[in-house]
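In this text the structure is predicted, and so the values were computed from the model without any measurement. Throughout, protein chains are lettered first and strands after them, A, B, ... in sequence-line order, and every chain is numbered starting at 1.
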Amino acid sequence: NLSQRLQTVFAGLTGKGRLSDADVDAAMREIRLALLEADVNFRVVKEFVARVRERAVGADVAKSLTPGQTVIRIVLEELTELLGGTDARLVFTGRIPGVVMLVGLQGSGKTTASAKLANLMRKQGKRPLLVAGDVYRPAAIDQLEALGRELDIPVYRGESSDPVEIARAGVKEAVAQMRDVVIIDTAGRLHVDEEMMTEAARIKDAVRPDQILMVVDAMTGQDAVTAAQAFSERVDFDAVIVTKLDGDARGGAALSVKHVTGKPIMFAGVGEKLDALEQFHPDRMAKRILG
Amino acid sequence: LRKGPDLDDEFWEDLEDTLVGADIGATAVTEIVDRLRDSAARQALPDAAAVLDHLAGELAREFDSDAADLLAEGPVVVLVVGVNGTGKTTTVGKIATEAARAGRSVLLGSGDTYRAAAVEQLDIWAERAGVPVVRRERGADPAAVTFDTVKQANETRPDLTLIDTAGRLHTSADLMRELQKVQRIAKRESDAPVRSLLVMDATTGQNGLSQAREFHAALDLDGLVLTKLDGTAKGGIAVAVVRELGLPIVRIGVGESADDLKPFVPDEFARALVG
Ligand SMILES: Nc1nc2c(ncn2[C@@H]2O[C@H](COP(=O)(O)OP(=O)(O)OP(=O)(O)O)[C@@H](O)[C@H]2O)c(=O)[nH]1
Ligand SMILES: Nc1nc2c(ncn2[C@@H]2O[C@H](COP(=O)(O)OP(=O)(O)OP(=O)(O)O)[C@@H](O)[C@H]2O)c(=O)[nH]1
Ligand SMILES: [Mg+2]
Ligand SMILES: [Mg+2]
């Protein structure tokens with residue numbers, strides 16, 4: 001792992017004084033490799049390594065730490081800071097009902113996350129209504145309805161085949177049923193699918209969500225940046241949910257998405273069950289990315 | 001990537017970036033580019049275009065283009081496996097459609113007895129393809145559905161039997177054991193040979209190698225399908241997987257409709273990787 005590799009890099013050092021340029025070069029190579037192996041986007045890696053290098057060159061090797069430990073600490077601090085504060089929470093304007101909309105690439109975990117969020121909100125004392133906005137995927141609406149039944153949370157499915165209309169009607173239904181937060185599940189879509197990205201923007205314009213969450217699979221590779229940037233431009237999401245963190249994917253995509261879009265990561269999906277949603281912890285994610 | 005004449009340091013760095021950006025993996029990319037610089041020098045490759053051609057050729061050769069199509073070897077039973085959300089159910093639907101159009105008889109097995117509306121989802125695909133599907137209630141033992149499906153296949157002898165399975169993380173020992181049991185039952189009961197196909201998402205990063213290794217160790221896979229190549233991800237992780245495990249890429253997924261299943265063409269795939 002990175003700690004061990006850095007120990008090897010610095011094996012020749014006497015452990016006092018400052019780190020030289022040459023010492024740091026070798027260390028930066030190891031850090032670059034570790035981050036790329038963790039699926040951090042290569043452009044983000046370049047910027048990140050440049051930042052770490054600045055801090056590492058001339059870094060005082062503390063008496064109590066080896067040079068390798070000094071560099072690791074710098075890397076962890078920078079990663080944790082980049083991954084964002086621990087206070088990213090769902091923010092509602094006070095308008096009733098509050099509206100949350102989920103977007104993302106196919107198969108990332110949106111429908112499951114919609115149900116998990118509804119579950120969380122009910123535990124927080126809210127009365128959520130799930131809205132089945134995916135009219136394309138076979139049995140997508142059945143899927144959300146089944147999850148709603150499991151949670152005993154109502155699901156609005158609408159009569160329209162237009163997701164914009166379903167979203168609007170879903171919000172009206174929430175008012176009628178006195179539900180105070182609406183969670184809109186949308187179809188998976190490619191950021192290069194012009195029609196579908198326009199649809200997402202139209203749903204947003206129609207119901208003005210308080211929060212739009214992009215759902216990103218933790219095992220996504222270099223493409224995470226391209227997709228996130230496009231979603232940020234077309235839909236301007238507010239925060240991210242990273243899913244499938246119960247696996248062994250290092251999750252570098254999370255760092256890339258955060259760094260490139262500036263949007264906070266709010267939640268971590270950690271399993272298929274409907275209670276498997278956690279607050280995102282940047283320090284834990286930083287350690288995970290470093291392996 | 002500039003395709004101009006100069007093979008300067010910037011060209012080689014840009015090329016490394018392109019390949020890393022395609023998810024080929026940093027260590028593999030360093031090896032590939034080092035070897036390529038060497039070839040470029042020894043063969044006096046004249047310019048960037050020549051180097052990229054040479055590279056595309058090298059990458060294409062990593063894939064076995066003579067592998068027999070395991071979907072056409074009928075009668076055959078194929079277990080479709082992979083981690084959550086990669087496109088297994090959709091791929092089963094597409095393969096069923098392709099086979100039915102080619103005049104082959106098809107039977108589907110609804111082996112995902114876990115996820116909400118998984119059975120309903122496959123039902124719709126079965127209906128679209130015009131093929132029968134064997135199913136049980138949600139929550140049933142997937143081994144039982146497998147058993148039923150294979151029994152029916154033994155009776156009706158379809159050319160192709162496809163068994164959809166629930167998505168699962170390769171890190172879950174219980175779920176991998178469940179899948180091994182499904183395979184064991186299928187092989188024990190089936191008159192036709194039983195093959196296993198791993199469905200991987202082209203947007204997957206380096207974790208894809210870990211996925212493929214674990215599924216291969218558990219099931220001794222026969223092939224791969226790479227989905228969502230209609231996006232911007234190049235699917236370079238398939239290079240690492242094929243290098244290590246030597247499996248054929250049986251089909252690629254390029255969209256969400258029944259027609260969006262294509263043969264895997266190494267030259268085209270390699271071209272797209274080098275941009
Ligand atoms: N292990 C694990 N599986 C997850 C997690 N979140 C979702 N899944 C699984 O991932 C698969 C896809 O989840 P969905 O909720 O259907 O994904 P989606 O984004 O709605 O898919 P589309 O609507 O087709 O784009 C399912 O098998 C889920 O059970 C998670 O945090 N961990
Ligand atoms: N763009 C695109 N989307 C695809 C492709 N293949 C599948 N999908 C989509 O990916 C999502 C997930 O597909 P599924 O077939 O449900 O995936 P799965 O592996 O069966 O998922 P689980 O059973 O939950 O593990 C759906 O929205 C599909 O329409 C493809 O080749 N291109
Ligand atoms: Mg969905
Ligand atoms: Mg499925």
Side-chain angles (χ1 to χ4, degrees), chain A residues 32-43 45-46 105-112 115 136-150 187-193 217-227 230 243-244 246-253 271-272 274, chain B residues 16-27 29-30 83-90 93 114-125 127-128 138 166-172 175 201-208 210-211 214 227-228 230-237 255-257:
Chain A
R32 172 182 173 273
L33 269 181
L35 294 177
L36 288 175
E37 277 168 24
D39 293 321
V40 179
N41 182 270
F42 73 91
R43 286 197 184 90
V45 171
K46 287 192 195 199
L105 297 175
Q106 289 87 348
S108 56
K110 298 173 293 302
T111 304
T112 308
Y136 307 99
R137 169 175 155 153
I141 297 179
D142 294 332
Q143 183 186 4
L144 192 64
E145 285 188 324
L147 297 179
R149 272 195 301 277
E150 217 174 299
R189 69 201 64 227
L190 292 178
H191 49 294
V192 289
D193 184 335
D217 192 326
M219 60 177 164
T220 313
Q222 299 286 313
D223 195 54
V225 159
T226 322
T243 61
K244 307 178 201 172
D246 43 317
D248 62 356
R250 299 259 292 272
E272 294 192 76
L274 300 180
Chain B
E16 280 220 23
D17 285 347
T18 300
L19 298 178
V20 168
D23 288 313
I24 290 180
T27 309
V29 166
T30 308
V83 305
N84 309 71
T86 56
K88 299 175 290 301
T89 306
T90 306
Y114 174 77
R115 211 206 64 216
V119 172
E120 288 79 352
Q121 184 186 8
L122 191 65
D123 277 348
I124 292 171
W125 278 107
E127 195 175 336
R128 280 178 183 174
R138 185 182 174 194
R168 70 201 65 225
L169 293 182
H170 51 293
T171 46
S172 165
L175 294 182
D201 186 328
T203 67
T204 306
Q206 299 310 303
N207 192 251
S210 165
Q211 290 171 27
E214 293 303 320
T227 62
K228 307 180 197 172
D230 47 321
T232 50
K234 303 284 188 296
I237 191 60
E256 303 189 71
S257 317

Which atom names give the shortest non-hydrogen contact between [X] and [Y], and what distance separates them?
X        : Y        : answer
B/Ile124 : A/Ala139 : CD1-N, 3.6 Å
A/Gln106 : B/Lys228 : O-NZ, 3.0 Å
A/Val192 : B/Thr232 : CG1-CG2, 3.5 Å
A/Asp39  : B/Asn207 : OD2-N, 4.0 Å
B/Val20  : A/Gln222 : O-CG, 3.2 Å
B/Gln121 : A/Pro138 : CG-O, 3.5 Å

Problem - CG-OG1 distance between B/Asn84 and A/Thr112, expressed to the nearest 0.5 angstrom - result: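 Rounded to the nearest 0.5 Å, the CG-OG1 separation comes out at 8.5 Å.
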
Problem - Atom pair OG1/CZ of B/Thr18 and A/Phe42 - distance to nearest 0.5 Å - result: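 It comes to 6.5 Å.
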
Exercise for the section: Step by step, work out the side chain to side chain contact (heavy atoms under 4.5 Å, CB included) result for A/Asp248 and B/His170. Expected result: CA-CA 9 Å; A/Asp248 62 356; B/His170 51 293; 2.8 Å; yes

Practice task
Verify the distance criterion only: is there a donor paired with an acceptor across the side chains of A/Asp217 and B/Thr203 at less than 3.5 Å?
Solution key: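 Looking only at side-chain atoms, B/Thr203 and A/Asp217 do not form any donor-acceptor pair under 3.5 Å.
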
Is [X] close to chain A through its backbone or its side chain, or both, or neither, when contacts mean heavy atoms under 4.5 Å?
X        : answer
B/Val119 : neither
B/Glu120 : both
B/Asp230 : both
B/Ser210 : side chain

Exercise for the section: Report the option among A/Arg43, A/Arg250, A/Met219, A/Lys244 that has the most heavy-atom pairs separated by less than 4.5 Å from atoms of chain B. Expected result: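 That would be A/Met219.
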
Exercise for the section: Flag the pair B/Thr90 / A/Arg137 as yes when at least one side-chain heavy-atom distance between them is below 4.5 Å, and no otherwise. Expected result: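 No, every pair of side-chain atoms sits at 4.5 Å or beyond.
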
Practice task
State, yes or no, whether a side-chain contact exists between A/Lys46 and B/Asp17 at a heavy-atom distance under 4.5 Å.
Solution key: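 The answer is yes; the side chains approach within 4.5 Å.
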
Problem - CD (A/Glu150) with more than 12 external heavy atoms under 6.0 Å - result: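 Atom CD in A/Glu150 is packed in, count exceeds 12.
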
Handout entry: More than 12 heavy atoms of other groups within 6.0 Å of B/Arg128 CZ
Key =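 More than 12 within 6.0 Å, yes.
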
Let me know if [X] has heavy atoms under 4.5 Å from chain B in its side chain, its backbone, both or neither.
X        : result
A/Asp246 : both
A/Leu190 : side chain
A/Arg32  : side chain
A/Thr220 : both

Problem - Pairs of heavy atoms under 4.5 Å with chain A: top-ranked of B/Ala233, B/Ser172, B/Ala26 - result: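 So the answer, after comparing B/Ala233, B/Ser172, B/Ala26, is B/Ala233.
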
